[in-house]
Structures are given as structure tokens and as C-alpha cells.
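Remember, it's 1-based here, ligands and their atoms both numbered in the order they're listed.
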Amino acid sequence: MPTYDYAIIGGGIVGLATAMTLGHREPGARLLVLEKEAHWAAHQTGHNSGVIHSGIYYKPGSLKARLSREGTRSMVEFCAEHGLRHEVCGKVIVATVEHELPGLESLYRRGLENGLNLVRLRPEEVREIEPHVRCLGGIRVPSTGIVSYREVSEKLAALVAAQGGELRLNAAVKIIRPGRHAQVLVTDGGEFEARFLINCAGLHCDRVARLGGVDPGAKIVPFRGEYYELKPERRHLVKALVYPVPNPAFPFLGVHFTRMIDGTVHAGPNAVLSLKREGYTRTDFNLRDFAEVMAFAGFWRLIARHAREGLEEMVRSFSKAAFVRSLRRLIPEVEPDDLVPAHAGVRAQALHKDGKLVDDFLMVQGPNAVHVCNAPSPAATASLEIAKVIVEQVPPRRDLRSAAPAVP
Ligand SMILES: Cc1cc2nc3c(=O)[nH]c(=O)nc-3n(C[C@H](O)[C@H](O)[C@H](O)COP(=O)(O)OP(=O)(O)OC[C@H]3O[C@@H](n4cnc5c(N)ncnc54)[C@H](O)[C@@H]3O)c2cc1C
């Protein structure tokens, strides 16, 4: 059985960015990436909005605020260096009713505290940027951009391979057990021994942490985000990115318009409980995934706290008319016939037993391991910076050689 110095579980953008960063720090190390699907970025990374988030929304001083601000810069630099399609198009956040104006103002102040360069806009100034938007005021965030995170991930995988890293697709980690030299990863693509593990398993990160003998202190609850797409002849309604003022108590940004890097315009995503961790349609169901959520007290406490918002999201999922109503608050010209159903993504959001969402990125140390236990949006934007934080927690190769085998 081959023995590796480092094994990274998960070939999404966080796992691949970590592999590249670690490979760079430890040239000559035996590094392995294990991904259960047949291609990279198969889940959250390949089903998202493709926005390079500036970091306006996040609590000042949090990892999310710092890493998304730094990640905006490093993601743009990475794309420029490797010739990947991207565009720093900026976005507008707009208040469409009177009672959203204080929220817009606090968002503006929060963005300034987070060190962003922002512009307060009067309604006519918003219309110079987005002629079809009707609002009472807005903020322009010039540093926001768009990209394909799938393309970024493919490039990262190629760079890891070029550094000498080994990448295995179709290798779902099922068991982690102590071995002769280190930990044995039993996968459906063979067995591998690794002295140090990095768990970047996204929607399954809590389960992989438990396989490694670690209680992450939170459970992943999957929230599906569904999108519609504007028909090609109506794409002119949106120049770049148009967002509403989000509900500060809710972790999602509200349905918005996003011009994607391929020129299509997507509207969404909403946020509804998914009955399967990787369930991309309303009928996808997995008994284990569903039963775990239903048996989790934290979920019911969350529901009790956000009953109204949860119900609105459900209605928007089942009723196109309700979805369109939300979008028309931003662009009144949008008609139901302008929109066709598009892709969906499932967010991995960690939830505490007390029903509070894990607000920040969360990494938990285990025996000869680091587990990334919460990496929701803007983790794609921040991936190159999250990777640096993870790698700081990983011992150098010379120390691994003498490390005692881990017993999960
Ligand atoms: C609808 C939606 C919109 C979003 N929009 C944005 C956005 O615009 N900008 C932004 O910055 N972020 C956005 N995000 C968040 C962003 O996509 C995620 O934070 C990011 O992709 C997380 O990357 P990851 O590598 O941790 O997870 P993932 O991309 O989910 O990767 C985890 C990988 O681990 C693999 N895996 C799981 N279990 C195992 C196992 N046992 N063995 C082997 N492999 C395993 C999975 O197959 C998967 O490929 C959005 C997310 C969603 C869902």
C-alpha cells in the first residue's frame, strides 16, 4: 500500500487550492488528493453563482471578512496569471422599499469597516449603471467580479499534478483506520496510507471528520439554491450583478441577478432544505441524509427562529410567480415568460445543536489531521486564502516522518 505524507479528501476548490499551496510549501512531499466523483468541482464549487465576492457582508474581524477581501485580490491575480476567464465587473446592492434603507446604510458602514472601496448611489446613479433597476438607493461595490470556479479548479488540479501531486478521481473515502505507518484511507478506488489528512469534503465534511475520530461540534445541513435563467433576448435587462439588501439575520443573500462569465444571466438562488446532501432537484431524497436532519435538534431550533423566512423560501421554490415577484422588486420589467429554470446548487452549512448557524469558516484539528468543517460562501472566492490558513496548521514533512501513527 503506498504511503503518502499528506492526503487531501475532496476535489472541490478548497481541497485543490490546499493541495497546490501545500505542494508549493513542501516540494518533494508525497501528496494525494482523493475525490469521490469522476471530475473536479462536482458539487458546491461547480454549482455556484460564480461571483468573486468582495467581503462587504461579513462581520468585521471574522475569517470570512478577511479571507474574502484578500481572496478577491488573489483570485483575480490567479485568473490573470493563468489566463482564466474572469471580469471585475462590480455589483450594485439596492434598497427597493423604505424599510430597507437602514439595512443598506449598515451594509455600507460594514463594508467600509472591512476596508472596501464603496460608492453610495442615488436611484438615478444606480440607473446609469443598471438602467432597468428601480430602487430608492444603492451601493456600488467595484471590486466584485465573476469567474468560473470549475475552470479555476481544473487549473488548480493541473498545477497540483505538475508539482508531482497524485490526484485520484472515483475514490470516495469510506473508512479511516490506523495503519502500520500512519492512517489508512479505505476508498472505493483502493487503500492509501497517509501521515497527515486534510478533510475538505464539503457537504460530507462532518461525516469524514467523524470517520477520523473528530466531533466537529456541528452538523452539515444542506440548503439547495435554485436558479432561473433569463432568455437570451432579455439578457440586456442586467449589465452585471444586482443584489437586494439581505436580511442580516439570515445567512443567504436573497435572490439576485448574476451575469455569468459565459454571458448568461442567472436569477436566484433561493434557499430551501434539501432532502439529500447532493440533491439538485426537489424530488431528490436520501433516507440517511433526511433522517439525520430530522433527528437533529439544531435544525428544529433553526426552523423555530426562521419560520417566516423558511416558509417564504419554500413558496419561492414551488411557485415561479413568487420567485418572479421577488425579482421584480429589483427589475420590474421582468416577466414570468422571460425566465426558464436553470441549474441548482446545494450549500453545506454547518449548524450548532442550539440552532445557530456556524457563522465563520471553521477548521478543527484532529489526530494528524485538519478538518474543514464549515466553508460556505464566500469560500470559493476565498479558497486561495483559506488554503494558506489550512496549510499553516499542517506540520512540515520532516516532522511527519517521526509522528506516531494516529489512532482515530
Ligand atoms: C448555490 C450556491 C451559490 C454559491 N455562490 C457562490 C459565489 O458566487 N461565490 C463564492 O465565493 N461562493 C459561492 N458559493 C459557495 C462555494 O461554492 C463553496 O463555499 C465552495 O465551493 C466550497 O468548496 P469546497 O471545496 O469546500 O466544497 P465542494 O466544492 O463541495 O467540494 C467538496 C468535494 O469533496 C468531495 N467529497 C465529499 N466526500 C468525500 C469522500 N468521502 N471522499 C472523497 N471525496 C469526497 C465531493 O465530491 C466534493 O467534490 C455558493 C454555493 C452554492 C451552493
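Protein heavy atom at the shortest distance from atom 1 (C) of ligand 1 is Tyr227 OH, 3.4 Å. Taking atom 37 (C) of ligand 1 as the reference point, the nearest protein heavy-atom neighbour is Ala201 O, 3.2 Å. For atom 29 (O) of ligand 1, the closest non-hydrogen atom on the protein side is Thr45 OG1, 2.5 Å. Of the protein's non-hydrogen atoms, the one nearest atom 48 (C) of ligand 1 is Glu35 OE1, 3.4 Å. In terms of protein heavy-atom proximity, atom 40 (C) of ligand 1 is closest to Val173 N, 3.6 Å. Among protein heavy atoms, the minimum distance from atom 51 (C) of ligand 1 is reached at Asn48 CB, 3.7 Å. Scanning the protein heavy atoms around atom 39 (C) of ligand 1, the nearest turns out to be Lys36 CD, 3.8 Å. The protein heavy-atom contact nearest to atom 31 (O) of ligand 1 is Gly12 CA, 3.3 Å.
Asn270 and Glu226 form a side-chain donor-acceptor contact under 3.5 Å, judged by distance and modelled atom types alone. Side chain to side chain, Ser49 and Tyr227 meet the donor-acceptor criterion of an N or O pair below 3.5 Å. Checking Glu37 against Asn170 by side-chain atom types alone, no donor-acceptor pair falls below 3.5 Å. For Thr96 and Arg134, the side-chain atoms include no donor-acceptor pair closer than 3.5 Å. Counting only N and O atoms by type, the side chains of Tyr149 and Ser383 include no donor and acceptor under 3.5 Å apart. Between the side chains of His371 and Gln365, no donor-acceptor pair of N or O atoms lies under 3.5 Å.
In the displayed structure, Lys231 atom NZ is contacted under 6.0 Å by more than 12 heavy atoms of other residues, nucleotides or ligands.
Near Val14, meaning under 4.0 Å from any of its heavy atoms, are these atoms of ligand 1: 23 (O), 24 (P), 25 (O), 26 (O). When each atom of ligand 1 is checked for a heavy atom of Gly50 under 4.0 Å away, the hits are 8 (O). If you number the atoms of ligand 1 from 1 as listed, the ones under 4.0 Å from a heavy atom of Val208 come out as 41 (N). Each of the following atoms of ligand 1 lies closer than 4.0 Å to a heavy atom of Leu34: 43 (C), 44 (N). Annotation for ligand 1: atoms under 4.0 Å from non-hydrogen atoms of Ala171 are 42 (N), 43 (C). If you number the atoms of ligand 1 from 1 as listed, the ones under 4.0 Å from a heavy atom of Thr381 come out as 9 (N), 10 (C), 11 (O). Every atom of ligand 1 is numbered from 1 in the order shown, and the set under 4.0 Å from a heavy atom of Val346 is 53 (C). Interface of Ala379 with ligand 1, defined as ligand atoms under 4.0 Å from a residue heavy atom, comprises 19 (O).
Taking the six-membered ring for Trp and thresholds of 30 and 60 degrees, Tyr57 and His53 have ring planes more than 60 degrees apart, a perpendicular arrangement. Note: His132 and His236 have perpendicular aromatic rings, judged against thresholds of 30 and 60 degrees for the angle between ring planes.
Contacts classified as side-chain hydrogen bond (donor to acceptor under 3.5 Å, both in side chains) and involving residues 157-169 (residues at least two apart or in different chains) are given here: Tyr4-Glu166, Glu166-Arg168.
Taking a 4.0 Å cut-off on heavy atoms, Gly71 fails to register as neighbouring ligand 1. At least one heavy atom of Ala375 sits closer than 4.0 Å to an atom of ligand 1.
Residue Pro376 touches ligand 1 through its backbone alone, judged by heavy-atom distances below 4.0 Å. Only the backbone of Cys200 comes within 4.0 Å of ligand 1, counting heavy atoms alone; no side-chain atom from C-beta on gets that close. With a 4.0 Å heavy-atom cut-off, ligand 1 is reached by no atom of Lys174.
To the nearest 0.5 Å, atom CD of residue Glu193 and atom OG1 of residue Thr3 are 4.0 Å apart.
Residue contacts with ligand 1: Gly225 is placed with no nitrogen or oxygen under 3.5 Å of a nitrogen or oxygen of the ligand (distance criterion only). Remark: ligand 1 and Ser49 share an N or O pair separated by less than 3.5 Å (distance only, no angle test). Residue-to-ligand polar distances keep His204 apart from ligand 1: every N/O pair is separated by 3.5 Å or more.
Of the candidates Gly10, Ser377, Gly345, it is Ser377 that places a heavy atom closest to atom 15 (C) of ligand 1. Counting only non-hydrogen atoms, the option in Cys205, Ala380, Ala348, Ala172 that gets closest to atom 20 (C) of ligand 1 is Ala380.
When each of Leu67, Asn374, Val389 is paired with Phe361, the side-chain contact (heavy atoms from CB on, under 4.5 Å) condition holds for Leu67 and for no other.
Under the 6.0 Å distance and 45° angle rule, Arg66 does not count as a cation-pi partner of Tyr58.
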(request) Test ring-ring contact (aromatic ring centres under 6.0 Å, His included) on Tyr228 and His266 and set out the steps. (result) CA-CA 6 Å; Tyr228 283 90; His266 285 206; over 10 Å; no
(message) Show, in sequence, the C-alpha distance, side-chain angles and deciding distance for Val51 and Tyr243, and conclude whether the side chain to side chain contact (heavy atoms under 4.5 Å, CB included) test is met.
(response) CA-CA 12 Å; Val51 175; Tyr243 284 65; 3.4 Å; yes
